[in-house]
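Below, read A as the first sequence line, B as the second, and so on, with proteins coming before strands; counting in each chain starts at 1.
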Amino acid sequence: MRNSPTIDEQIEMLRRMIAVRHLEERLGELHKAGKTRGPIHRCDGQEAVGIGATAMLDAADLLTSTHRGHAHYVGKGVGLHPIIAEILGRSTGACAGRAGHMLIADAANGLLGGNAIVGGGIPAATGFAVSLQMRNRADGGARVAMCLFGDGAAQTGICHESMNIAALWKLPVVFVLEHNQYGLTAHHSTQSSVPDLVVRADGYGMPGESVDGNDITAVYRAVATAVDRARRGEGPSLVEAKTYRMVGFSTSDVGGYQSADDLAAWRERDPIVLARRSLAASVSPAQLDAVDAEARAAVDAAVEQALADPLPGFVDHAPSAPYYAGAV
Amino acid sequence: MRNSPTIDEQIEMLRRMIAVRHLEERLGELHKAGKTRGPIHRCDGQEAVGIGATAMLDAADLLTSTHRGHAHYVGKGVGLHPIIAEILGRSTGACAGRAGHMLIADAANGLLGGNAIVGGGIPAATGFAVSLQMRNRADGGARVAMCLFGDGAAQTGICHESMNIAALWKLPVVFVLEHNQYGLTAHHSTQSSVPDLVVRADGYGMPGESVDGNDITAVYRAVATAVDRARRGEGPSLVEAKTYRMVGFSTSDVGGYQSADDLAAWRERDPIVLARRSLAASVSPAQLDAVDAEARAAVDAAVEQALADPLPGFVDHAPSAPYYAGAV
Amino acid sequence: MAMMRYAEALRAALREEMQRDSNVWLFGEDIAVYGGVFKVTKDLLAEFGPERVRDTPISEQTLTAMAVTAAMAGTRPVLEIMYADFLPLSIDALMNQASIYNYIWNGQVTMPFVLRTQGGGGAGAGAQHSKSLDALVAHIPGLKVVAPATAADAKGLLKAAIRDDHPVIFLEHKLLYNSRDEVPDGDHLVEIGKARIAREGHGVSIIASSRMVIESLKAAELLADEGISAEVIDLRSLRPLDRDTIRASIAKTHHAVVVNEGWRFCGYGAELSATIMETAFDELDAPVERVATHDIPIPYSEPLENAVLPDAAKIAAAARRAVA
Amino acid sequence: MAMMRYAEALRAALREEMQRDSNVWLFGEDIAVYGGVFKVTKDLLAEFGPERVRDTPISEQTLTAMAVTAAMAGTRPVLEIMYADFLPLSIDALMNQASIYNYIWNGQVTMPFVLRTQGGGGAGAGAQHSKSLDALVAHIPGLKVVAPATAADAKGLLKAAIRDDHPVIFLEHKLLYNSRDEVPDGDHLVEIGKARIAREGHGVSIIASSRMVIESLKAAELLADEGISAEVIDLRSLRPLDRDTIRASIAKTHHAVVVNEGWRFCGYGAELSATIMETAFDELDAPVERVATHDIPIPYSEPLENAVLPDAAKIAAAARRAVA
Ligand SMILES: Cc1ncc(C[n+]2csc(CCOP(=O)(O)OP(=O)(O)O)c2C)c(N)n1
Ligand SMILES: Cc1ncc(C[n+]2csc(CCOP(=O)(O)OP(=O)(O)O)c2C)c(N)n1
Ligand SMILES: [Mg+2]
Ligand SMILES: [Mg+2]
């Protein structure tokens, strides 16, 4: 099938999903232990979207993320240690402790970046796409921009404005809607006037495809098709990946609004379990166990290292910096 | 045909269209003579939308308008003299000269009101609809809110947010899109990713209908159907009325972007001419001439009166007013 | 009097006003089923039903614009904007809509709505969830802006805000929700526009609002140990500003420190300093000291965030400079 | 030197920078085919083509956010926002996006974009098309904000802004587009952050920007007739603020009037007054006088609009009070 990931790619995606899951488990513990600040937004159950949608991107492609970006960060190739060190507020973090977990960026890997203003990544990716379009035309390149965003974010005005402009200017941008059924605690039926957001693509004359967001191969295929289209200069697409958040919206969630039945049903469809199952025909259990162990070990090592790293010291900005407001 | 205007209603709508046309002709002259301030946005050629879409509204229904609102004002029952006096900055104006032509309001007639922030009337009508919905449920009323807005305004984020919320909450609001092909000077093909904006209604699970905006009976029918639906508590609808602005975007327009062919073709379809023609079978030319003459005379009388009215004097706001920032 | 948490006091105010007036209704993100991310609206859905307590889509710009017109059309909406950092999305509705209509339409309409939000740093929430944007809203004509520091004022001001016929921006602070103090029983109302002397003193006037009142009181303790007598003014209302209380205090102390948790440049502290320039220049024995957040985005890591936010130590240092 | 209209000077700056650097491109509403409603971008579409001169939908919030990231990704966008009154729609992109990334991402990115807009009253354009929102943008860390009063500075500052690696908000004034003055030939650049003495004097310092410089110069003429020697400072840059020039002037005159066309309360004039409080208190012989727009929406009718906006007569009156 066109745009299907190879077995090796599938194994790599599995490794990344496991790393993200374990990373978030460790962050959950670190949060309880008081080692992180502010809320941590986990994406347990949604890993296939973030990992599957980014697996075909190059470092020169630019990705914008959300407040719930761990899978996006890892998918885009950011190292585990800079991620964890940033969340622990260390000077060795991806942004030297200034950004924190919701705003991580890594320019070298084309992650620019997390965004805690819901919807903010959508016009951001659209803006990237204008520059990439101009640069592609100048140098024959085929860089694309992508934003991953939630079903909550899809209701924001900037989502509409961005999709209209992207379609109008045939920008090389891919809109990946991670539909996890909730915006914080609010069920999508209290947020979206329509259950399937992919229908909105028609309103911009843009292709739209809906996929099972827990099936990483399906996510990969649909997004890769959209990325190819963008690389060919044919404009934007919308991919809606239906998934479910198996944990609270953040570490401060006190629960009470997700039904036990829903949770149980979606746990059955854990994307990591599904991915492992679909690899079972081609890869031995021992090899898959090794992938699992390696992924976890890599996370644990990064956590240990980050915990030993120093906190940053405050340095006032220089008068030459953009933050200078005038001599006092 | 359901929701067809009676002959008397058609005559009244014709009278109003003629009044608006003549009002704008007079405003054009007054502007040239330096009697008005700021730009004047005429709607020559679009009168059938503003007049046809408001003809079935009651004073208790709330209408929001735009920067190009003369037909909306007249359609909603605001008197000619308060409109003209306001535009001439007189103390007898609808808002005592404080508002000017883009921001006219008349609470008694349910016009609240003009809005020069493009798109601003859309969430405004949606907000009205929440209160009306609550009040209707409390007292059994059937009030509705309506916004008239342009094809340019349809691209704003607030348009998306408002339609989503209106559909979600089944609000009694009617969205009337006055598609005159341009946003200021920009042709819709440089503003909208799709030529027919009615398709976007699907994205909110809301009925949408497209009509010939120069055929006042067609406008009336489509909007009346949407208003009925809203009155029954069944939620919002979108009506797209295709029309064309036969003059510059405002008195400051220096032109150069509208094609002579387009202009000529649309002038053939002048909504006043079309309305008169369709009445010709039932009403004598003499009667129609009388309607025309009366409408113009009413405008001229209002202009004369307003020109004789005094300008307002500035009175500082009282310390009890909301604008009080503290004793100085 | 009853000891109450700030969050509980707010909830009590909402509940009492909703019981008193069936036109009062609430809307905002996650406020209904979940009861608000800070739990201020807990259980109100159950008591008042889904028409009067509404969860909304993430559409701050439209929600704010809707509050304006819903208020014009006969109900009294109370909108919760989850973080003050999202106020930029409300500014068009506040500045180009709510601000203008009462005046421009020559008194034809009033707009009795309240926009509740919470701001402030110190929780490691990062650059997009930690700001204090007092100056942004206080600049807008036609709005009232209040920022209570205590549970008592939280309750009394919120009730007054809901009864006000004009828009009120109600600024809460994320680090105050769990602070407790005595709240008068019954229908406790606090007039908007009146400051409060939080601590009497005669050597220097420290003028603050919201959580900075707490830090100023701590600073006053530090200063007292050094023999400096600080008077702490809790503004409560940022607009209108109670210039009389400020002037009277400075006439007594002849020294002033103005404190605001927003950024320094063009921040609310600038207005306080300019106000003192205009109303009490001849009383001043030294220039007014301004304490505010550094002019940079608020960083995440604890030592960095602590360095940029104002606190008791920085306020005390400013007071020492003022009286030096 | 050549006599040029302010609008022409802006156009020349855009054209020269677009010729010099193929990464510079323009976007905004009605700027391409029509050449801008104030004709600043006239004929640039024909010269530079539709990729570099783009008409846009009416989507200010997204357009501003796009400028931020397009600038990060290797081009230098210049965005036109038709009226400063629409800046509220840009504030999220400016405050929650443009403001933060250089610092929060530890210097990984720069954002060389310019946001041009025009504000100001006096044209009978009404409450939603007449505002001066200097304070709104000047409060935001990480932005530079300039507001030229002359054609020469319009050209020199715009060229400097386009070459700057950080965001610059470029505030024009609708009543200045047709004003003419001498513009130096060639590659004329004006450094951002430096004020200009528009008129020397020794009795009172009048500190202004944009069109208020012109009104201040008129006021200085009126005052000269009365024997009051006014020095007029044209700030040119609102952020960073050239505090040294202000301090030096007040050290000479010992009296100051600050003028800004925005609203008074929490307006830019408050920052100027507070800055003077902090940098020149001991030099002041009288309190700083603040001249600004009344704290109400700007009305339409001519006598009303005239009453609320600052002008030469009001500035002169303030100067008389200052030196009285
Ligand atoms: C503009 C804005 N409004 C509200 C919030 C608070 N908030 C944070 S996450 C969230 C829900 C987002 O829902 P969705 O886009 O579906 O993302 P998910 O959390 O499901 O990943 C909300 C309302 C915010 N951060 N920004
Ligand atoms: C938020 C905002 N952006 C830009 C403008 C400037 N402007 C005034 S009218 C207009 C075009 C509006 O187009 P449309 O909605 O189609 O209305 P029409 O003028 O065609 O009636 C623009 C861009 C504005 N008033 N408000
Ligand atoms: Mg979601
Ligand atoms: Mg139009």
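- For D:Asp242, no part lies under 4.5 angstrom from a heavy atom of chain A.
- Residue A:Ala129: no heavy atom, backbone or side chain, is found under 4.5 Å from chain D.
- If you tally non-hydrogen atom pairs under 4.5 Å between each of A:Ala325, A:Ala107, A:Ala108, A:Gly97 and chain D, the highest count goes to A:Ala325.
- In this structure, chain A has no heavy atom under 4.5 Å from any part of D:Asp165.
- Within the model, atoms CZ of A:Phe128 and OG1 of D:Thr75 stand 10.5 Å from one another, a figure rounded to the nearest 0.5 Å.
- Of the two parts of A:Arg143, neither the backbone nor the side chain holds a non-hydrogen atom closer than 4.5 Å to a non-hydrogen atom of chain D.
- When every heavy atom of A:Gly326 is checked against every heavy atom of D:Arg243, the shortest pair comes out as O-NH1, 2.8 Å.
- The minimum heavy-atom distance between D:Asn106 and A:Ala96, with the atom names listed, is ND2-CB, 3.3 Å.
- The choice from D:Ser22, D:Ser237, D:Ala70 that makes the most heavy-atom pairs within less than 4.5 Å of chain A is D:Ala70.
- D:Gln108 and A:Cys95 make their closest contact through NE2-SG, 3.8 Å (heavy atoms, listed as atom of the first residue, atom of the second, distance).
- Every residue meeting the side chain to side chain contact (heavy atoms under 4.5 Å, CB included) condition with D:Thr117, not counting sequence neighbours, appears here in chain and number order: D:Ile81, D:Ala84, D:Leu87, D:Leu115, D:Leu171.
- Expressed to the nearest 0.5 Å, how far CE of A:Met134 lies from CG of D:Asn23 amounts to 7.0 Å.
- Contact tally against chain D (heavy-atom pairs below 4.5 Å) for A:Asp106, A:Leu168, A:Asn164, A:Ile117: the top residue is A:Ile117.
- The parts of A:Leu112 that come within reach of chain D are both its backbone and its side chain, each placing non-hydrogen atoms under 4.5 angstrom from that chain.
- A:Ile158 contributes atom CD1, which lies 11.0 Å from atom OG1 of D:Thr64 (distance to the nearest 0.5 angstrom).
- Of the listed residues D:Pro167, D:Gly193, D:Ala67, D:Ser99, the one with more heavy-atom pairs under 4.5 angstrom with chain A than any other is D:Ser99.
- The structure places OG of A:Ser131 at 10.5 Å from CE of D:Met72, a figure rounded to the nearest 0.5 Å.
- There is no contact between D:Val68 and chain A, counting heavy-atom distances below 4.5 Å.
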From CA spacing to verdict: side chain to side chain contact (heavy atoms under 4.5 Å, CB included), A:Val130, D:Arg54: CA-CA 11 Å; A:Val130 181; D:Arg54 298 182 186 224; 3.9 Å; yes
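- Checked by atom type and distance alone, the side chain of D:Arg239 never pairs as donor or acceptor with a backbone atom of A:Tyr324 at under 3.5 Å.
- Cation-pi contact between A:Arg98 and D:Trp105: absent, since separation from the ring centre below 6.0 Å together with deviation from the ring axis within 45° is not met.
- Nearest heavy-atom pair, A:Pro123 versus D:Thr62, reported as atom, atom and distance to 0.1 Å: CB-CG2, 3.9 Å.
- Only the side chain of D:Phe27 comes within contact range of chain A, judged by heavy atoms closer than 4.5 Å.
- The parts of D:Gln61 that come within reach of chain A are both its backbone and its side chain, each placing non-hydrogen atoms under 4.5 angstrom from that chain.
- Both the backbone and the side chain of A:Leu103 come within contact range of chain D, judged by heavy atoms closer than 4.5 Å.
- Taking non-hydrogen atoms and a 4.5 Å limit, the residue list of residues 226-239 of chain A in contact with chain D is empty.
- Separating the NE2 atom in D:His166 from the OH atom in A:Tyr323 is a distance of 8.5 Å, to the nearest 0.5 Å.
- Interatomic distance, D:Ser59 OG to A:Ile165 CD1, rounded to the nearest 0.5 Å: 4.5 Å.
- Residue contact with chain A, scored on non-hydrogen atoms closer than 4.5 Å, involves the backbone and the side chain of D:Ile100 alike.
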